[in-house]
Protein chains: 2
Amino acid sequence: MARRSATAAAVCEELSLSYVESPTRCGTCAIRHKAICAALCADEISALNRLSRRRSVPAGQTILGEGEAHTIFANIVSGVVKLTKTLDDGRQHIIGLLFASDFLGRAFRRDNPYFAEAATDVELCIFPAAGFEKLLPDHPGLEHRLFQFTLSELDACQEWMLLLARKRAEERVASFLLMIAKRVPNMDCLHTENPGGVRFQLPLSRAEISDCLGLTIETVSRQMTRLKTKGVIELVNYREIVIPDIRALQQAAYEASPA
Amino acid sequence: MARRSATAAAVCEELSLSYVESPTRCGTCAIRHKAICAALCADEISALNRLSRRRSVPAGQTILGEGEAHTIFANIVSGVVKLTKTLDDGRQHIIGLLFASDFLGRAFRRDNPYFAEAATDVELCIFPAAGFEKLLPDHPGLEHRLFQFTLSELDACQEWMLLLARKRAEERVASFLLMIAKRVPNMDCLHTENPGGVRFQLPLSRAEISDCLGLTIETVSRQMTRLKTKGVIELVNYREIVIPDIRALQQAAYEASPA
DNA sequence: CGAATTGTTGAATATTCTCAACAGAGGTGG
DNA sequence: CCACCTCTGTTGAGAATATTCAACAATTCG
């Protein structure tokens with residue numbers, strides 16, 4: 001299985017000059033009421049605000065290296081971040097996707113257990129690791145909120161395990177599209193919803209989708225074609241799809257004909 | 001794929017008379033310094049103590065039903081609990097195993113997202129859900145400890161996803177045996193370690209192992225035989241195995257010959 | 001001891017992967 | 001503006017891995 005992996009060099013050029021940085025203003029922030037920031041008191045928000053910096057990260061850029069000490073935590077303001085794990089021989093898997101208002105970073109652990117990379121252009125609200133972890137013990141509300149996020153992440157992860165363990169290729173692809181369709185309204189990608197269906201852009205390439213689903217590029221491609229042939233989806237172009245009837249896709253997500 | 005599932009009836013007979021109940025004495029508890037109880041102050045321990053009840057659960061018995069409102073949380077004192085998720089058509093997967101000192105229950109959520117069943121005879125330290133969740137806001141130390149457990153569970157879950165997505169059958173079985181071998185000293189199962197290797201009992205049947213690994217019973221059986229033939233493991237009987245050299249097993253866990 | 005359960009093995013089948021060729025989209029430079 | 005190149009995605013043929021179905025062996029329980 002040929003693997004597409006970022007170079008080691010790329011992993012190290014963290015926080016490089018290509019980032020655009022600006023001061024944070026929580027009052028006008030798009031995710032103020034959805035991210036960990038929601039449910040925080042004025043006191044906690046201002047403590048966070050003092051720590052934070054806004055940053056733009058272009059698609060493809062590394063945010064956190066696997067196994068490295070992590071230097072930052074971050075809220076995803078817009079765009080999609082992918083979290084990847086890699087086997088020594090290069091086989092890899094995307095263990096999670098982060099969308100707008102999700103939180104990036106593994107608290108209470110020195111080394112980061114995965115590799116985080118911008119899948120699309122991404123806007124981040126960054127907290128230096130040291131400062132953020134110092135904040136936690138004094139602000140139980142903040143830690144509680146992080147705990148909630150972690151529990152949801154665990155739920156999603158367990159759900160995804162069932163997909164990897166027991167679903168066939170077509171069901172996996174359908175499930176993936178469904179998952180994206182649910183999250184896409186939160187993304188800054190194109191998204192239209194009307195009686196005729198839902199239309200949006202995929203934030204990931206075929207290679208990345210295959211790394212989400214434990215399949216090969218070719219299998220993903222074939223199953224996309226198959227769903228298209230069945231009329232479950234329409235392909236506007238490689239990155240843009242239309243779902244005429246969500247229910248048909250839901251059915252494909254776990255009742256794919258074995259033949 | 002034929003599925004082996006507990007009857008709906010079994011799911012409902014929670015907390016039945018077959019449980020043996022006794023008062024809790026934290027002072028003499030085997031997991032006092034490893035479970036969520038470690039790192040708790042005297043005040044918190046006594047609050048927990050008042051809530052808790054000891055209970056024995058025989059192998060095969062349901063502890064929590066999938067989708068049901070959960071009535072209890074629990075520490076695993078001894079034995080192994082399996083957490084299962086099921087697709088409508090019966091395909092299922094074991095999303096997690098709990099060993100001595102692990103914590104059972106999904107806080108802050110009304111319905112339980114998985115089905116929990118005793119894989120071996122199990123000793124539990126049970127907390128009624130209502131009382132336990134009322135305790136949390138007032139005892140940040142307890143919530144913090146739970147958070148740590150949840151983060152570790154998430155780490156393990158993400159690691160397992162990589163196995164399901166990218167490892168071949170032989171590697172999966174080897175990884176499973178390795179995981180059990182690491183946890184087994186905490187279990188009340190037979191376990192001997194000496195220069196010659198490690199010897200222990202498997203807490204799961206072949207069917208359960210296949211549900212952990214996203215394989216069929218037959219494939220698990222074949223790969224076990226294959227590892228035996230290679231000399232990586234020895235089978236004393238179906239449930240009891242010897243690992244002469246852990247490193248050979250580690251190698252098999254992610255370098256299995258593709259041929 | 002016999003029945004039921006659990007585990008193993010074999011043969012045929014199915015799904016997915018690998019390798020290879022090709023097609024479409026996007027970018028560059030003459 | 002078009003030829004050319006690269007990158008990404010699709011499609012086909014053959015191979016490999018795991019599944020299914022079936023028979024049989026070992027173990028457990030009554």
Side-chain angles (χ1 to χ4, degrees), chain A residues 1-4 6 59-60 89-93 119-120 163-174 176-177 201-229 233 235-241 256-259, chain B residues 1-6 58-60 89-93 119-120 163-174 176 201-229 233-241 256-259:
Chain A
M1 187 177 304
R3 280 303 99 188
R4 312 148 297 282
D89 63 358
R91 284 177 288 179
Q92 64 180 7
H93 180 62
T120 64
L163 173 147
L164 293 171
R166 293 302 182 199
K167 288 191 181 178
R168 34 188 82 265
E170 186 179 339
E171 293 170 306
R172 292 189 202 190
V173 172
F176 172 82
L177 295 175
Q201 280 199 329
L202 294 173
L204 303 186
S205 69
R206 297 291 187 273
E208 290 168 321
I209 295 173
S210 71
D211 275 339
C212 273
L213 298 175
L215 300 169
T216 57
I217 300 176
E218 295 92 331
T219 301
V220 170
S221 179
R222 276 185 248 272
Q223 299 307 331
M224 294 278 271
T225 305
R226 196 168 158 169
L227 288 171
K228 188 177 71 176
T229 308
I233 61 172
L235 291 174
V236 181
N237 58 47
Y238 293 157
R239 284 282 188 146
E240 199 168 335
I241 79 165
S257 42
Chain B
M1 190 178 301
R3 281 301 96 191
R4 311 149 297 283
S5 62
D89 63 358
R91 285 178 285 179
Q92 64 180 7
H93 180 63
T120 64
L163 174 147
L164 294 171
R166 293 302 182 199
K167 288 191 182 179
R168 35 188 82 265
E170 187 181 340
E171 295 170 304
R172 292 190 202 189
V173 172
F176 172 82
Q201 280 200 331
L202 294 173
L204 303 186
S205 69
R206 296 292 187 274
E208 291 168 321
I209 295 173
S210 71
D211 276 339
C212 274
L213 298 175
L215 300 169
T216 57
I217 300 176
E218 294 92 329
T219 301
V220 169
S221 179
R222 277 185 248 273
Q223 299 306 333
M224 294 278 270
T225 305
R226 197 168 157 170
L227 288 171
K228 188 176 73 176
T229 308
I233 61 172
E234 291 159 30
L235 291 174
V236 181
N237 58 49
Y238 292 157
R239 284 283 186 143
E240 197 168 336
I241 79 165
S257 41

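Keep in mind that the numbers below use all heavy atoms, side chains included, and drop hydrogens, waters and symmetry copies. Proteins come first, then strands; the chains are lettered A, B, ... in the order of their sequence lines, and each starts at number 1.
Atom CD in B/Glu218 sits roughly 16 Å away from atom P in C/dA14 (whole-Å rounding). Taking atom CG of residue B/Leu235 and atom C1' of nucleotide C/dT8, one finds them 11 Å apart after rounding to whole Å. Between A/Arg226 atom CZ and D/dT11 atom P there is a gap of 13 Å when expressed in whole angstrom units. Atom CZ of A/Arg168 and atom C1' of C/dT13 are 13 Å apart (whole Å). At whole-Å resolution of the value, NZ in B/Lys167 and C1' in C/dT16 are 20 Å apart. Rounded to an integer number of Å, the gap from A/Tyr238 OH to D/dC7 C1' is 11 Å. In this structure, CD of B/Gln223 is placed 15 Å from C1' of C/dG7, rounded to the nearest angstrom. At whole-Å resolution of the value, CD in B/Glu171 and P in D/dA18 are 9 Å apart.
Listed candidates were D/dA18, C/dT9, D/dG9. Nearest to the side chain of A/Arg239 is D/dG9.
Atom CG of A/Leu215 sits about 13.0 Å away from atom CZ of A/Arg206, to the nearest 0.5 Å. Separation of atoms OG1 (A/Thr120) and CG (A/Leu204) is listed at 9.0 Å; rounding is to 0.5 Å. Here the CD-CG distance, from A/Gln201 to A/Asn237, works out to 7.0 Å after rounding to the nearest 0.5 Å.
Contact check, A/Thr216 against C/dT16: no side-chain N or O comes under 4.0 Å of OP1 or OP2. Distances shown here put a side-chain N or O of A/Thr225 below 4.0 Å from the OP1 or OP2 atom of D/dT11. A close approach under 4.0 Å does not occur between any side-chain nitrogen or oxygen of A/Ser205 and OP1 or OP2 of D/dT8.
You'll find the side chain of A/Lys228 stays beyond 4.5 Å of the side chain of A/Met224, heavy atoms only. In this structure the side chain of B/Glu218 reaches within 4.5 angstrom of the side chain of B/Arg222, judged on heavy atoms.
In terms of position on DNA chain D, the residue among B/Ala169 and A/Arg206 whose nearest nucleotide sits closer to the 5' end is A/Arg206. For the pair A/Asn237 and A/Arg172, both in contact range of DNA chain C, the more 5′-proximal nearest nucleotide belongs to A/Arg172.
Side-chain atoms of A/Arg222 come within donor-acceptor range of the base of C/dT18, with a qualifying N/O pair under 3.5 Å.
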